[in-house]
Amino acid sequence: MNAYAPILVLGALGAGFAIFSVVMATLIGPKRYNRAKLDAYECGIEPTPTPVGGGRFPIKYYLTAMLFIVFDIEIVFLYPWAVTFDALGVFGLVEMLLFVLTVFVAYAYVWRRGGLEWD
């Protein structure tokens, strides 16, 4: 239990800071709201009303998300391989080259099919 004490103290400090920040913002923050303060300001585009069930996303959104996941998983496998490169030797090099070649074939397929174009 003694080894976990710094982690618990850090977690308690983080939670305490979060609670303190929220409480102080409600106590000290401005209380006078008007229409201008409640409007969206991030991008300057007025929000449009959406249907009750929510709006529909274009299929490009999901394709982009899946491509991100594929290449993100590739990095997850490349990092441990790079750390233990010396211990794996030639076998590890050949296996990783086959893995990268497989991902490259998928990348070339997506590129050829136009999955990376932003129309």
Side-chain angles (χ1 to χ4, degrees):
M1 186 65 178
N2 203 13
Y4 294 109
I7 297 171
L8 294 174
V9 169
L10 186 61
L13 281 173
F17 178 74
I19 292 169
F20 174 77
S21 298
V22 171
V23 168
M24 291 308 289
T26 56
L27 293 177
I28 298 175
K31 306 280 189 287
R32 292 174 286 158
Y33 297 107
N34 58 27
R35 179 172 163 73
K37 288 184 180 181
L38 296 176
D39 279 346
Y41 62 90
E42 289 89 6
C43 60
I45 298 174
E46 290 296 323
T48 58
T50 57
V52 175
R56 295 184 66 156
F57 288 100
I59 192 70
K60 283 295 242 187
Y61 173 79
Y62 297 106
L63 290 175
T64 304
M66 286 190 290
L67 286 174
F68 173 76
I69 289 170
V70 166
F71 293 112
D72 193 42
I73 289 173
E74 178 187 9
I75 296 301
V76 166
F77 285 119
L78 280 175
Y79 184 74
W81 170 77
V83 170
T84 61
F85 177 72
D86 290 338
L88 294 175
V90 176
F91 174 74
L93 178 64
V94 171
E95 290 297 320
M96 193 50 66
L97 285 176
L98 289 173
F99 175 71
V100 170
L101 180 68
T102 305
V103 172
F104 181 72
V105 167
Y107 174 71
Y109 174 76
V110 169
W111 189 1
R112 180 99 167 127
R113 298 281 301 196
L116 301 176
E117 295 184 19
W118 300 99
D119 294 326

Which heavy atom of Met96 sits nearest a heavy atom of Phe77, and at what distance? CE-O, 3.8 Å
Do Ile69 and Leu78 belong to the same hydrophobic cluster, where Ile, Leu, Val, Met, Phe, Trp and Tyr are linked whenever their side-chain heavy atoms lie under 4.5 Å apart, directly or via other members? yes
Can you find a heavy atom in the side chain of Ile73 that is under 4.5 Å from one in the side chain of Val103? no
Cluster check Ile75, Leu93: I/L/V/M/F/W/Y, side chain < 4.5 angstrom: yes
Consider only side-chain heavy atoms of I, L, V, M, F, W and Y, link residues closer than 4.5 Å, and tell whether Leu97 and Phe104 are in one cluster. yes
In terms of the angle between their ring planes, are Trp81 and Phe85 parallel, tilted or perpendicular, with boundaries placed at 30° and 60°? perpendicular
